[in-house]
Student: 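Could you have a look at this structure, given as structure tokens, before my questions?
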Amino acid sequence: GIFQDITEKINQIQELEKAKQMLESIFNELNDVIWSVEYPAFNLLFISPSCQQLCGDTIKNYHPEKSILHEYIHPNDGHMAFSIASAIKVRKQYSLVYRIISKSGEIKWVKESAKLITNQDGMPLRVDGKIIDITRDIEVQESMNSQLKLQDILMKIATDYINLDIKKSHSEIQHSL
């Protein structure tokens, strides 16, 4: 007969299925967007479900050689939709901070970074990247900067008041009345 014990093959398939379910569970819980594209073709291989949470939509118009989120980039940050291909060829990695406009119109700050992945012989395989929503960090930094500017203004006013020549000020006030 042509009977073959396939128990080992079934066990391997079950282990692969368990691993797949575990990875899907992990990716579904991430807030960061994880993505991967072929190199050098830049065809999209994978993008995590969190992209929909970040953008309010799925990536429909992915354009090879541009940012994964190029269709959402804020018009004032359009220059950031540079060629990934060039950056990867020159530096093998990149990191950008820019704004996006989600489908609902919400403006968000993101940090996108990516790196060229090679095999053990150094031959390029793909580019893997991540996109992190840093909106809250930017808002906190802007608030701190505003508070520091206000503090500087108040310190200048206090210093000017402390260093005020009372006799001279009194005579100037009387003269102006």
Student: What distance do Asp77 atom CG and Leu96 atom CG have between them, rounded to the nearest 0.5 Å?
Tutor: 10.0 Å

Student: I'd like to know if Val37 and Tyr39 are part of one continuous hydrophobic network [Ile/Leu/Val/Met/Phe/Trp/Tyr, side-chain heavy atoms within less than 4.5 Å].
Tutor: yes

Student: Could you verify whether a donor N or O on one side chain and an acceptor N or O on the other, from Asp137 and Gln141, lie under 3.5 Å apart?
Tutor: no

Student: With rounding to the nearest 0.5 Å, note down the distance linking CG in Leu16 to CD in Gln14.
Tutor: 10.5 Å

Student: CD1 of Ile134 to NZ of Lys111: how many Å apart, nearest 0.5 Å?
Tutor: 7.5 Å

Student: Supply the atom-to-atom distance Gln53 CD to Ser48 OG, rounded to the nearest 0.5 angstrom.
Tutor: 9.5 Å

Student: Hydrophobic clusters here meaning ILVMFWY residues chained together by side-chain heavy-atom distances under 4.5 Å, can you tell me if Trp109 and Ile73 are in one?
Tutor: no

Student: In Å and rounded to the nearest 0.5 Å, what is the CG to CD distance from Asn145 to Glu142?
Tutor: 7.5 Å

Student: Does Ser146 have any side-chain hydrogen bond (donor to acceptor under 3.5 Å, both in side chains) partners at least two apart in sequence or in another chain, and if so, which?
Tutor: none

Student: Please name the pair of heavy atoms, one in Cys51 and one in Ile47, separated by the smallest distance, quoted to 0.1 Å.
Tutor: SG-CD1, 3.7 Å

Student: Looking at every heavy atom in both Glu112 and Ile131, which two are closest together, and how far apart are they?
Tutor: CG-CG1, 3.7 Å

Student: When rounded to the nearest 0.5 angstrom, what distance separates OG1 in Thr7 from NZ in Lys9?
Tutor: 12.5 Å

Student: Please check if atom CD in Glu17 has more than 12 non-hydrogen atoms from other residues, nucleotides or ligands closer than 6.0 Å.
Tutor: yes

Student: Kindly give the heavy-atom pair with the smallest separation between Pro124 and Leu116, and that separation in Å.
Tutor: CB-CD1, 3.9 Å

Student: Transitively linked via ILVMFWY side-chain contacts under 4.5 Å: Leu44 with Val127?
Tutor: yes

Student: Could you pull out the closest heavy-atom pair between Trp35 and Ser113, with the gap in Å?
Tutor: CZ2-O, 4.4 Å

Student: Which heavy atom of Cys55 sits nearest to which heavy atom of Ile100, and what is that distance?
Tutor: SG-CD1, 4.5 Å

Student: Any chain of hydrophobic side-chain contacts (each under 4.5 Å) joining Val97 to Ile34?
Tutor: no

Student: Which residue pairs pass the side-chain hydrogen bond (donor to acceptor under 3.5 Å, both in side chains) test when at least one of the two sits in residues 121-136, sequence neighbours left out?
Tutor: Ser36-Asp128, Arg126-Asp128, Asp133-Thr135

Student: Stepwise, does the side-chain contact (heavy atoms from CB on, under 4.5 Å) test hold for Leu54 with Lys108?
Tutor: CA-CA 8 Å; Leu54 180 65; Lys108 298 179 181 182; 3.9 Å; yes

Student: Could you go through the side-chain contact (heavy atoms from CB on, under 4.5 Å) check for Ser50 and Asn31 one step at a time?
Tutor: CA-CA 6 Å; Ser50 52; Asn31 290 326; 5.7 Å; no

Student: Taking the side chain as every heavy atom from C-beta outward, state whether Asp152 and Lys149 have any pair of such atoms under 4.5 Å apart.
Tutor: no

Student: Residues two or more places apart in sequence or in another chain: which of them pass side-chain contact (heavy atoms from CB on, under 4.5 Å) with Asn76?
Tutor: His74, Arg99

